[in-house]
Amino acid sequence: DDLIPLLSRRIMSPNNMIHLFSDSTEFLTRLCKMFGSPSHRIIAAGHITPDIAIAADRAEMGIHEVLGASAFSCDPTSVVSAVTTQSDIVYIANPNRVSGANVSIADLREMADAVPDGLLIVDEYYFDFFGISAVPLLEVCANVVVLRSLTAAFGLVSSDVGFAIAAP
């Protein structure tokens with residue numbers, strides 16, 4: 001009961017924007033089913049992490065990987081170009097879990113704007129160590145969900161435990 005107010009103060013967001021989860025893959029699956037359908041795709045900006053690949057499979061959605069100069073970088077223009085419907089879901093690890101590469105807030109906003117009826121999922125697993133956060137986008141983009149880990153910053157045992165920051 002004390003965790004949500006603590007996180008809320010830490011990220012300066014209202015309590016009703018914090019959504020805890022104990023299994024990141026299950027949370028991503030529910031998110032994909034809620035905002036997508038088998039006719040939509042998940043566009044992965046950079047390499048596909050196992051949790052999003054499993055979630056896409058469970059939600060019966062196709063997944064399209066858009067790589068930058070390497071598998072561990074992102075080319076935001078190519079990501080936006082890969083969007084085929086305004087209901088697609090774009091997934092990006094920012095910072096990248098392997099390389100630590102980041103994209104700017106402006107690039108994240110461009111991706112969110114490309115899917116106004118879909119979703120931009122920004123995985124900020126390692127944000128507490130280094131990163132540009134998408135949390136400010138929540139004030140202007142209702143279709144953004146920011147994922148954070150409780151493992152990296154709080155040292156919890158399971159790598160699947162975390163929280164989402166999103167519109168209520």
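Side-chain atoms of L20 and F27, non-hydrogen and from C-beta on, never get closer than 4.5 Å to each other. Two residues are said to be in side-chain contact when any heavy atoms from C-beta on lie closer than 4.5 Å; V103 and L108 meet this criterion. L137 has its side chain out of reach of E139: every pair of non-hydrogen atoms, C-beta onward, lies at least 4.5 Å apart. Side-chain contact check for R109 versus V140: some heavy-atom pair is nearer than 4.5 Å. A heavy-atom distance below 4.5 Å is found between the side chains of M111 and V80. Looking at V145 and L120, their side chains never come closer than 4.5 Å, going by heavy atoms from C-beta outward. Between I92 and C74 there is a side-chain heavy-atom pair separated by less than 4.5 Å. Two residues are said to be in side-chain contact when any heavy atoms from C-beta on lie closer than 4.5 Å; N15 and P5 meet this criterion.
E60 places no side-chain N or O within 3.5 Å of a backbone atom of S37 that could act as its donor or acceptor partner. For D123 (side chain) and R148 (main-chain N/O), no donor-acceptor pair under 3.5 Å exists by modelled atom type. Looking at Q86, its side chain never comes within 3.5 Å of a backbone N or O of P116 through a donor-acceptor pair. Looking only at distances, a side-chain donor or acceptor of D88 sits under 3.5 Å from a matching main-chain atom of T84.
The two residues A56 and I42 have their closest heavy-atom pair at CB-CD1, 3.5 Å. For I105 against A134, the heavy-atom pair with the smallest separation is CD1-CA, 4.1 Å. What you find for V66 and A82 is that their closest heavy atoms are CG2-CB, 3.7 Å. Of all heavy-atom pairs between F21 and L147, the closest is CE2-CD2, 4.2 Å. Across all their heavy atoms, E65 and G46 have their closest contact at CG-O, 3.4 Å. Heavy-atom minimum distance, N143 versus G118: CB-O, 3.4 Å.
Residues V90 and I54 fall into different hydrophobic clusters, defined by Ile, Leu, Val, Met, Phe, Trp and Tyr side chains chained together at heavy-atom separations under 4.5 Å. I11 and V146 end up in the same hydrophobic cluster when Ile, Leu, Val, Met, Phe, Trp and Tyr side chains are linked at under 4.5 Å. In the hydrophobic cluster analysis, where Ile, Leu, Val, Met, Phe, Trp and Tyr join through side-chain heavy atoms closer than 4.5 angstrom, M12 is grouped apart from I165.
Atoms OG and CG, from S13 and L7 in turn, are 10.0 Å apart once rounded to the nearest 0.5 Å. Between L138 atom CG and M17 atom CE the span is 4.5 Å, to the nearest 0.5 Å. Taking CD1 of I52 as the reference point, atom NE2 of H47 lies at 11.5 Å (rounded to 0.5 Å). The CD1 atom of I48 lies 9.0 Å from the NE2 atom of H64; values are rounded to the nearest 0.5 Å. From S8, atom OG reaches atom CD1 of I18 across 5.5 Å, with rounding to the nearest 0.5 Å. For the atom pair OG of S22 and CZ of F163, the computed distance is 14.5 Å after rounding to the nearest 0.5 Å.
If you check the side chains of R30 and T25, you find no donor sitting under 3.5 Å from an acceptor. Counting only N and O atoms by type, the side chains of S87 and T85 include no donor and acceptor under 3.5 Å apart. For the residue pair Y91 / T49, a side-chain donor-acceptor distance below 3.5 Å is found, with atom types taken as modelled.
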**OP:** Tell me, with the steps shown, if I43 and V79 meet side chain to side chain contact (heavy atoms under 4.5 Å, CB included).
**Re:** CA-CA 7 Å; I43 299 160; V79 172; 4.2 Å; yes

**OP:** Quick one: do S104 and D107 satisfy side chain to side chain contact (heavy atoms under 4.5 Å, CB included)? Show the steps, please.
**Re:** CA-CA 5 Å; S104 70; D107 289 335; 3.3 Å; yes

**OP:** Decide yes or no on side chain to side chain contact (heavy atoms under 4.5 Å, CB included) for R58 and E26, but give the supporting numbers first.
**Re:** CA-CA 9 Å; R58 289 180 180 171; E26 181 57 35; 3.9 Å; yes

